[in-house]
Amino acid sequence: MDLDYLLVIPSWKSVGILVTFFTYLAIAGSVLPAKLVPGVTLQDGSRLHYRCNGLFSMLLLVLLLGVGAKMELLSLTVISERGLELLSATFIFSFLVTLALYAAGCKSRNQSSSLKPCVTGNLIHDWWFGVQLNPSFLGIDLKFFFVRSGMMGWLFINLSVLAKTIQGATLSHSMILYQIFCLIYILDYFFYEEYMTSTWDIIAERLGFMLVFGDLVWIPFTFSIQGWWLLGNKVELTTAAVIANCFVFLIGYLVFRGANKQKHVFKKNPKALIWGKPPKVVGGKLLASGYWGVARHCNYLGDLLLALSFSLPCGISSPVPYFYPIYLLILLIWRERRDEARCAEKYKEVWVEYRRLVPWRILPYVY
């Protein structure tokens with residue numbers, strides 16, 4: 001093993017792949033037909049508008065790559081062959097871009113809700129959590145752009161790993177199952193991309209290293225660990241295991257998508273029916289119907305089941321493929337407690353009433 005591999009030094013080719021990917025997404029996001037979705041109303045009464053054309057951009061890129069591979073202009077396995085180089089190049093990019101965001105934010109005199117700098121004076125804190133809510137570059141909302149890049153990057157890592165297994169004649173049922181689950185999840189994300197505009201990360205989190213690293217490095221490179229693992233390890237699943245895995249994915253998907261859709265629809269139209277009935281609302285603000293009448297953070301249950309379903313095709317011979325669901329469990333416990341504290345501070349007595357009406361947190365009977 002050579003020194004360059006040990007140090008995981010990005011090659012110019014890996015940098016070129018990354019630059020080409022970001023350039024394509026920037027151009028496609030700006031020029032392709034898109035649904036213009038208004039974001040939530042900010043504190044100063046302004047609203048950002050988001051161009052939701054991620055699905056179109058992704059399918060077009062898949063088509064272009066397929067044509068390029070057919071014409072032997074590029075290799076579909078290049079990502080799987082340069083994974084560590086791309087990981088280090090993306091990490092370095094995330095670090096540098098957040099330094100630039102910190103510097104630009106500190107110099108900003110803009111007083112709008114989107115760009116008003118929030119500087120604590122603690123350099124590490126401000127760099128990590130960000131200074132501005134919605135910074136942009138050349139008219140592109142960076143927060144929305146980075147999460148789109150991460151989700152799409154996850155897909156192309158998976159597709160490259162799949163191409164590598166096909167090339168090596170090692171394609172297994174486990175790999176097929178994993179690829180199908182991830183593909184459904186990613187296609188669903190981009191089909192409902194507008195729902196992202198009302199999530200906490202978009203409306204409340206400032207853009208710092210935490211979000212940029214999470215979007216560009218963590219999502220594509222850790223969500224794909226199972227695929228990388230299956231590339232070097234063959235797992236044969238029984239029919240019962242396949243059925244059970246599909247059941248876990250289906251339940252997770254229904255809870256995850258159903259809960260997020262109900263919350264998004266409620267924010268757009270508080271009178272829209274939930275499960276065929278008028279919604280029950282606490283204090284005119286908090287939805288207590290549908291999934292949100294079962295548990296206060298029911299969407300987290302869907303997240304956990306989906307993460308587990310991505311790992312189950314790998315069997316139980318190694319803990320490595322279960323890194324993502326284990327990490328997610330820890331993260332969601334922390335986020336759930338943080339959300340509880342923030343909501344208690346924001347909604348006060350309304351939150352107390354909501355907790356009384358919906359006493360369960362992530363799971364029914366789990367307080």
Side-chain angles (χ1 to χ4, degrees), residues 20-42 44-65 97 101 112-115 130 132-159 182-207 211-212 214-216 218-220 223 253-254 256-270 272 274 287 291 299 302-303 306:
T20 302
F21 178 60
F22 286 143
T23 301
Y24 167 82
L25 288 184
I27 295 173
S30 300
V31 304
L32 292 180
K35 180 178 181 180
L36 198 61
V37 178
V40 299
T41 303
L42 302 176
D44 61 0
S46 63
R47 301 181 79 172
L48 298 180
H49 288 77
Y50 299 91
R51 291 177 52 83
C52 293
N53 58 4
L55 184 61
F56 191 4
S57 301
M58 181 183 71
L59 294 177
L60 178 59
L61 183 53
V62 170
L63 177 63
L64 292 173
L65 292 175
V97 78
L101 286 171
S112 67
S113 293
S114 288
L115 298 175
Q132 294 176 302
L133 183 63
N134 295 302
S136 61
F137 180 71
L138 299 178
I140 298 172
D141 182 90
L142 292 178
K143 193 186 293 184
F144 199 64
F145 175 80
F146 287 149
V147 70
R148 174 183 288 183
S149 302
M151 291 297 294
M152 214 173 289
W154 177 22
L155 172 69
F156 288 107
I157 289 175
N158 279 354
L159 292 180
C182 291
L183 179 61
I184 292 173
Y185 182 86
I186 294 168
L187 286 173
D188 173 87
Y189 173 87
F190 285 110
F191 186 81
Y192 293 105
E193 189 177 30
E194 67 177 275
Y195 291 3
M196 188 65 193
T197 63
S198 60
T199 60
W200 182 267
D201 286 353
I202 293 293
I203 65 178
E205 297 280 14
R206 295 186 297 277
L207 186 61
L211 279 188
V212 175
D215 290 340
L216 298 183
W218 196 259
I219 288 177
F223 286 22
Y253 175 78
L254 291 175
F256 170 79
R257 176 48 58 213
N260 285 312
K261 185 175 182 179
Q262 286 177 356
K263 179 61 71 69
H264 181 80
V265 170
F266 173 73
K267 288 181 178 180
K268 298 295 183 181
N269 179 13
I274 301 291
L287 177 63
Y291 289 104
N299 55 323
D303 274 326
L306 285 171

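None of these values were measured; they are calculated from a predicted model.
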Under 3.5 Å donor-acceptor, [X] side chain and [Y] backbone:
X      : Y      : answer
Ser113 : Asp44  : yes
Asn299 : Asn260 : no
Lys143 : Glu205 : yes

Just how far is it from atom [atom1] of [X] to atom [atom2] of [Y], taken to the nearest 0.5 Å?
X      : Y      : atom1 : atom2 : result
Tyr192 : Lys261 : OH    : NZ    : 4.5 Å
Ile202 : Leu48  : CD1   : CG    : 9.5 Å
Phe145 : Asp215 : CZ    : CG    : 11.0 Å

Might you confirm whether atom NZ of Lys267 has over 12 heavy atoms from other residues, nucleotides or ligands at distances under 6.0 Å?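 Enclosed: over 12 neighbouring heavy atoms sit under 6.0 Å from NZ of Lys267.
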
Return yes when atom NZ of Lys35 has more than 12 non-hydrogen atoms of other residues, nucleotides or ligands closer than 6.0 Å, and no otherwise.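 No, because the 6.0 Å sphere around NZ of Lys35 holds 12 heavy atoms or fewer from other groups.
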
Is there a side-chain contact between [X] and [Y], using heavy atoms and a 4.5 Å cut-off?
X      : Y      : result
Leu142 : Val97  : no
Leu211 : Phe146 : no
Leu65  : Leu159 : no
Tyr291 : Lys263 : no
Met152 : Phe190 : yes
Leu36  : Arg51  : yes
Asp188 : Tyr195 : no

Just jot down the ring-ring contact (aromatic ring centres under 6.0 Å, His included) partners of Phe223, sequence neighbours excluded, or say none.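 Trp154, Tyr324.
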
Quick check: closest heavy atoms across [X] and [Y], and the distance to 0.1 Å?
X      : Y      : result
Gly130 : Arg206 : O-NE, 2.9 Å
Asn134 : Asp141 : CB-OD1, 3.7 Å
Gly150 : Ile219 : O-CG2, 3.7 Å
Pro220 : Ile157 : O-CD1, 3.4 Å
Leu115 : Pro135 : CD2-CA, 3.7 Å
Glu194 : Cys52  : CA-SG, 3.7 Å

For Ser149 and Leu216, run side chain to side chain contact (heavy atoms under 4.5 Å, CB included): C-alpha distance rounded to whole Å, both residues' side-chain angles, the deciding distance at 0.1 Å, then the answer. CA-CA 7 Å; Ser149 302; Leu216 298 183; 3.8 Å; yes

Kindly say whether the aromatic ring centers of Phe256 and Tyr185 come within a distance under 6.0 Å.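 Centroid separation for Phe256 and Tyr185: below 6.0 Å.
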
What do the steps show when you test Val212 against Leu101 for side chain to side chain contact (heavy atoms under 4.5 Å, CB included), and what is the final call? CA-CA 10 Å; Val212 175; Leu101 286 171; 4.3 Å; yes

Which of parallel (below 30°), tilted (30 to 60°) and perpendicular (above 60°) describes Phe156 and Phe21?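 The arrangement is perpendicular - the two ring planes meet at more than 60°.
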
Using a 3.5 Å cut-off and no angle test, enumerate the donor-acceptor pairs between side-chain atoms of residues 53-64 and protein atoms at least two apart in sequence or in another chain.
| residue | atom | partner | partner atom | Å |
| --- | --- | --- | --- | --- |
| Asn53 | OD1 | Arg148 | NH1 | 3.0 |
| Asn53 | OD1 | Arg148 | NH2 | 3.3 |
| Asn53 | ND2 | Ala28 | O | 3.2 |
| Asn53 | ND2 | Gly29 | O | 3.4 |
| Asn53 | ND2 | Leu32 | O | 3.2 |
| Ser57 | OG | Asn53 | O | 2.9 |

Contacts of type salt bridge (Lys or Arg N to Asp or Glu O under 4.0 Å), residue Asp201, not counting sequence neighbours: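 With sequence neighbours excluded, Asp201 shows a salt bridge (Lys or Arg N to Asp or Glu O under 4.0 Å) to Arg335, given in chain and number order.
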
